[in-house]
Amino acid sequence: MSAGAYRTVRMPMSRDDARSLRAGDMVLLDGEIVITAGLPTHQRILACAEEGRDPPIDLRGGSLLHLGSYSRDTADGGLEVLYMNPTTSTRFNPLMPRLIRHFGLTTVGGKGGLDAACAEAMREVGCVYLSFLGGGAPLHSAAIRAVRQVAWNDLVAHYRLVRLAVEGLGPVTVGIDARGDSLFDRLSAGAAARMPDILAQLARDRAASGG
């Protein structure tokens, strides 16, 4: 499918855009995103929220995407992103509901989805989860246009909080929509429904082979 066949969404995503998307929709992203792959980074952001401090990059009404920016420091003190790839979002399940609610995030994402508590927080504020192609680093990296801001330089590069300008990032799939509908839950339910038949067939196969 050509890029022209996908809806392009401006980032930071508006609340109206977030609520208009449905689980299974595929979109391209233009604008600015905030990314990190680090659990310590999420813990620092949460500390800011709990202590009434602003994080070094503004997250209010914006995005927090679980993408690792594998980068190197430049001679002028900047950061050059060599490639970008999603990390597993479930690592952040315990922290994300509070972050989603406190900052009123409209967009989170990565790979693997988030749990029911996160989906409920997303439903409350009007936020979507975007599923990025695992192993799609060339595709994701080609969309980067500029590094706008980098925070917490004491962390390794892919744990830093980074604000990027992107164009045509994706296509990405709406894995959980702002109504709480989750593709991941559908897949899990489908797999669970098929499990008895699979186990029964395995038992028949064992019996037939004399195992």
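Just so we're clear, the structure is a prediction, and the values are computed from it rather than from any experiment.
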Inset, instruction - Starting from the C-alpha separation in whole Å, work towards a yes-or-no answer on side chain to side chain contact (heavy atoms under 4.5 Å, CB included) for E50 and R98. - result: CA-CA 9 Å; E50 292 178 340; R98 286 173 286 177; 3.3 Å; yes
I'd like to check [X] versus [Y] (side-chain heavy atoms, cut-off strictly below 4.5 Å). Are they in contact?
{"X": "T36", "Y": "V162", "value": "no"}
{"X": "E120", "Y": "R101", "value": "yes"}
{"X": "M11", "Y": "T107", "value": "yes"}
{"X": "L65", "Y": "F132", "value": "yes"}
{"X": "L183", "Y": "I176", "value": "no"}
{"X": "V125", "Y": "F103", "value": "no"}
{"X": "D30", "Y": "V166", "value": "no"}
{"X": "C127", "Y": "M13", "value": "no"}

What pairs of residues pass the salt bridge (charged side-chain N to carboxylate O under 4.0 Å, His left out) test when at least one of them lies in [range], not counting sequence neighbours?
{"range": "residues 36-46", "answer": "R44-D154"}
{"range": "residues 17-29", "answer": "R7-D17"}
{"range": "residues 167-176", "answer": "R145-E167"}
{"range": "residues 130-144", "answer": "none"}

Provide the closest heavy-atom pair for [X] versus [Y] in the form atom of the first, atom of the second, distance.
{"X": "A37", "Y": "G68", "answer": "CB-CA, 3.6 Å"}
{"X": "S89", "Y": "Y129", "answer": "OG-OH, 2.8 Å"}
{"X": "N153", "Y": "R160", "answer": "O-NH2, 3.3 Å"}
{"X": "P86", "Y": "G110", "answer": "CB-C, 4.0 Å"}
{"X": "P56", "Y": "A151", "answer": "CG-CB, 3.4 Å"}
{"X": "P55", "Y": "C48", "answer": "CA-SG, 3.8 Å"}

Does [X] belong to the same Ile/Leu/Val/Met/Phe/Trp/Tyr cluster as [Y], with side-chain heavy atoms less than 4.5 Å apart forming each link?
{"X": "L139", "Y": "L28", "answer": "no"}
{"X": "L46", "Y": "L155", "answer": "yes"}
{"X": "L130", "Y": "L133", "answer": "no"}
{"X": "V147", "Y": "L29", "answer": "yes"}

By side chain to side chain donor-acceptor pair (under 3.5 Å), which residues pair with [X], not counting sequence neighbours?
{"X": "R91", "result": "T87"}
{"X": "S131", "result": "none"}
{"X": "H42", "result": "H66"}

Legend entry - Pairs where residues 150-178 contributes a residue and the test ring pair (Phe, Tyr, Trp, His ring centres under 6.0 Å) is met, not counting sequence neighbours: Y70-H158
[atom1]/[X] to [atom2]/[Y] distance, rounded to the nearest 0.5 angstrom?
{"X": "D54", "Y": "L59", "atom1": "CG", "atom2": "CG", "answer": "9.5 Å"}
{"X": "H140", "Y": "I35", "atom1": "NE2", "atom2": "CD1", "answer": "11.0 Å"}
{"X": "T173", "Y": "K111", "atom1": "OG1", "atom2": "NZ", "answer": "14.5 Å"}
{"X": "L95", "Y": "L39", "atom1": "CG", "atom2": "CG", "answer": "6.0 Å"}

Please name all residues satisfying side chain to side chain contact (heavy atoms under 4.5 Å, CB included) with [X], sequence neighbours left out, ordered by chain then number.
{"X": "R163", "result": "E32, V34, I57, R148, Q149"}
{"X": "N93", "result": "T90, L114, D115, C118"}
{"X": "P12", "result": "none"}
{"X": "A47", "result": "E51, R53"}

Legend entry - Heavy-atom donor-acceptor pair, R15 side chain to L105 backbone, under 3.5 Å: yes
Legend entry - Main-chain N/O of V128 paired with D177 side-chain donor or acceptor, under 3.5 Å: no
Legend entry - Residues D58, R60; criterion salt bridge (charged side-chain N to carboxylate O under 4.0 Å, His left out); working and verdict: CA-CA 6 Å; D58 188 11; R60 289 170 295 182; 2.9 Å; yes
Inset, instruction - Walk me through it: do M84 and L169 pass the test side chain to side chain contact (heavy atoms under 4.5 Å, CB included)? - result: CA-CA 11 Å; M84 179 173 69; L169 177 58; 4.1 Å; yes
